[in-house]
Peer 1: 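Sending over a structure as structure tokens; questions will come in a sec.
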Amino acid sequence: MVNDLFPMTMAGAQTARRGRVLVGPVDLTLEGQGVTAIMGPNGSGKTSLLRLMHGTARLTAGAINWSCALDTARQQQSFVFQRPTMLRRSVIDNIAYPLAIRGVSQSRARARAREWAEKVGLAGALHRSATVLSGGEQQKLSIARALITEPKVLFLDEPTASLDGPAKREIEEILIAAKHAGTRLLITTHDLGQGRRLADDVIFLLKGRVNETGEAKAFFAAPQTPEGQAFLNGDIVT
């Protein structure tokens with residue numbers, strides 16, 4: 001499937017807050033297929049880079065260009081946070097919400113929400129309050145809510161960081177299915193195993209800068225930089 005938002009290019013892109021540079025300058029080109037894992041030690045700027053790409057962090061220098069108008073690109077993106085936010089509504093209404101605010105009829109939005117609840121394993125919880133779900137169930141709901149609009153790009157910030165093994169496996173299966181359906185995924189993760197399982201390519205960050213980037217298999221087999229090798233070895237990288 002052709003993803004006409006890509007390639008996406010970042011040229012000297014940077015975000016800063018209160019005079020402190022969080023990420024950048026970054027020069028990158030991302031193509032339109034697969035899963036990119038953004039990896040690096042704590043404090044390296046993974047979340048800031050993800051938010052900068054998505055547009056929820058302010059671009060304070062440089063440029064980010066999609067292969068279409070910026071407004072068009074933004075409309076075809078979704079974002080999943082590490083700690084999902086649940087509306088004080090039922091599961092079905094949480095999942096249907098993005099369609100409802102886009103003017104889709106209630107009957108159509110709820111029908112699509114039922115379909116997505118089935119896909120992520122929440123069909124038996126449609127009328128429960130979303131706020132009482134387990135952490136894994138809330139993350140499934142969050143992903144269903146992000147994918148119901150059929151985005152061309154899905155950004156995920158450590159979506160399985162607080163989940164146990166079985167819940168993590170279920171989330172990864174949902175993400176793999178989204179990839180095969182043509183959604184471009186960009187995910188931050190500190191989990192090396194998850195990076196190996198999911199990623200087609202890797203961006204390795206250090207101190208807010210891209211230390212190296214390339215195909216995932218090559219990165220995990222033989223990083224190009226000493227810092228990348230130290231990270232894979234489990235050493236403290238500063």
Side-chain angles (χ1 to χ4, degrees), residues 35-39 42 46-51 53-57 74-102 104 106-195 197-199:
V35 179
T36 297
I38 302 172
M39 308 189 76
N42 289 338
K46 299 186 294 296
T47 297
S48 294
L49 177 59
L50 198 72
R51 294 180 64 241
M53 291 176 173
H54 181 49
T56 49
R74 294 282 184 258
Q75 292 168 5
Q76 298 183 69
Q77 301 176 14
S78 292
F79 197 104
V80 173
F81 296 92
Q82 181 175 344
R83 295 181 179 178
T85 300
M86 298 292 103
L87 302 175
R88 293 185 179 278
R89 303 179 184 182
S90 65
V91 167
I92 189 171
D93 287 336
N94 265 267
I95 298 175
Y97 181 72
L99 296 182
I101 63 175
R102 285 168 170 78
V104 177
Q106 183 181 52
S107 60
R108 177 58 179 160
R110 288 170 71 87
R112 291 286 291 143
R114 289 189 185 92
E115 294 173 6
W116 272 103
E118 178 72 32
K119 290 180 181 181
V120 301
L122 292 176
L126 284 176
H127 302 292
R128 291 174 61 193
S129 171
T131 59
V132 303
L133 298 178
S134 69
E137 288 171 331
Q138 288 191 351
Q139 199 59 286
K140 289 180 183 178
L141 188 159
S142 182
I143 292 171
R145 192 169 56 192
L147 289 172
I148 196 171
T149 59
E150 300 181 348
K152 293 185 176 180
V153 189
L154 178 60
F155 298 91
L156 304 107
D157 188 16
E158 297 276 5
T160 64
S162 60
L163 304 183
D164 61 18
K168 182 180 296 187
R169 183 180 301 110
E170 289 176 344
I171 295 297
E172 289 183 2
E173 288 172 354
I174 294 167
L175 298 182
I176 291 169
K179 167 190 167 179
H180 290 324
T183 300
R184 182 69 164 90
L185 305 179
L186 294 106
I187 178 172
T188 65
T189 180
H190 67 276
D191 185 331
L192 295 179
Q194 183 168 79
R197 290 188 297 272
L198 294 182

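Throughout, numbering of the chain's residues begins at 1 and tracks the sequence.
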Peer 1: Hey, does the side chain of Gln139 reach the backbone of Pro159 with a donor-acceptor pair shorter than 3.5 angstrom?
Peer 2: yes
Peer 1: So does Arg89 get a backbone contact from the side chain of Asp93, meaning a donor-acceptor N/O pair under 3.5 Å?
Peer 2: no
Peer 1: Rounded to the nearest 0.5 Å, what's the gap from CD1 on Ile38 to OG1 on Thr47? Could you check?
Peer 2: 9.0 Å
Peer 1: So Leu175 and Val35, do their side chains get closer than 4.5 Å, heavy atoms only?
Peer 2: no
Peer 1: Any Lys/Arg nitrogen of Glu137 or Lys140 sitting under 4.0 Å from an Asp/Glu carboxylate oxygen of the other?
Peer 2: no
Peer 1: Could you tell me how the ring of Phe79 sits relative to the ring of His54: parallel (under 30°), tilted (30 to 60°) or perpendicular (over 60°)?
Peer 2: tilted
Peer 1: Write down the atom of Arg74, the atom of Gly55, and the distance for their closest heavy-atom approach.
Peer 2: NH2-CA, 3.5 Å
Peer 1: Check the pair Thr149 / Ser78 against side chain to side chain contact (heavy atoms under 4.5 Å, CB included), numbers first and verdict last.
Peer 2: CA-CA 8 Å; Thr149 59; Ser78 292; 3.6 Å; yes
Peer 1: Say whether, by atom type as modelled, one donor and one acceptor occur between the side chain of Gln138 and the main chain of Met86 under 3.5 angstrom.
Peer 2: no
Peer 1: Look up atom OG1 in Thr160 and atom NE2 in His190, then write down how far apart they are to the nearest 0.5 Å.
Peer 2: 7.5 Å
Peer 1: Is the shortest distance from a Lys or Arg side-chain nitrogen in Glu150 or Arg112 to a carboxylate oxygen in the other one below 4.0 Å?
Peer 2: yes
Peer 1: Roughly how far, to the nearest 0.5 Å, is CZ of Arg184 from CG of Leu186?
Peer 2: 5.0 Å
Peer 1: Can you tell me how far apart CD1 (Ile174) and CG (Leu147) are? Round to the nearest 0.5 Å.
Peer 2: 8.5 Å
Peer 1: Counting distance only, does the side-chain N/O of Thr188 pair as donor-acceptor with the main-chain N or O of Glu158 below 3.5 Å?
Peer 2: yes
Peer 1: When you measure from the side chain of Asn94 to the backbone of Leu87, do you find a donor-acceptor pair of N or O atoms at a distance under 3.5 Å?
Peer 2: yes
Peer 1: Could you go step by step and tell me if Gln76 and Val153 meet the side chain to side chain contact (heavy atoms under 4.5 Å, CB included) rule?
Peer 2: CA-CA 7 Å; Gln76 298 183 69; Val153 189; over 6 Å; no
Peer 1: Check Ala37 against Ala199 and note the closest heavy-atom contact, atom names and distance.
Peer 2: CB-CB, 3.7 Å
Peer 1: So which atom in Ile148 and which in Ala96 form the shortest heavy-atom distance, rounded to 0.1 Å?
Peer 2: CD1-CA, 4.4 Å
Peer 1: Rounded at 0.5 Å granularity, tell me how far CD in Gln75 sits from CZ in Arg102.
Peer 2: 8.5 Å
Peer 1: For residues 116-131, run the donor-acceptor check on the side chains, cut-off 3.5 Å, and write out each pair with its distance to 0.1 Å, sequence neighbours left out.
Peer 2:
from	atom 1	to	atom 2	distance (Å)
Ser129	OG	Thr131	N	3.4
Ser129	OG	Thr131	OG1	2.8

Peer 1: Where do Glu172 and Arg197 land on the side chain to side chain contact (heavy atoms under 4.5 Å, CB included) test, with the steps shown first?
Peer 2: CA-CA 9 Å; Glu172 289 183 2; Arg197 290 188 297 272; 2.8 Å; yes
Peer 1: Salt bridge or not for Lys168 and Asp191, using N-O below 4.0 Å?
Peer 2: yes
Peer 1: I'd like to check Phe155 versus Leu50 (side-chain heavy atoms, cut-off strictly below 4.5 Å). Are they in contact?
Peer 2: yes
Peer 1: Is there a side-chain contact between Thr36 and Ile187, using heavy atoms and a 4.5 Å cut-off?
Peer 2: no
Peer 1: Consider only side-chain N and O atoms of Gln194 and Thr189, and report whether a donor and an acceptor are under 3.5 Å apart.
Peer 2: yes
Peer 1: Can you confirm whether Leu192 sits close enough to Met39 that some side-chain heavy atom of one is under 4.5 Å from a side-chain heavy atom of the other?
Peer 2: yes
Peer 1: Kindly compute the distance separating OG1 (Thr85) from CG (Leu141), expressed to the nearest 0.5 Å.
Peer 2: 11.5 Å
Peer 1: Just wondering, are more than 12 heavy atoms of other shown residues or ligands nearer than 6.0 Å to CD in Gln106?
Peer 2: no
Peer 1: Show the nearest heavy-atom pair for residues Ala57 and Ser48, with the distance to one decimal.
Peer 2: CB-O, 4.3 Å
Peer 1: Are Asp157 and Val80 close enough, and set up right, to give a side chain to side chain contact (heavy atoms under 4.5 Å, CB included), and what steps lead you there?
Peer 2: CA-CA 6 Å; Asp157 188 16; Val80 173; over 6 Å; no
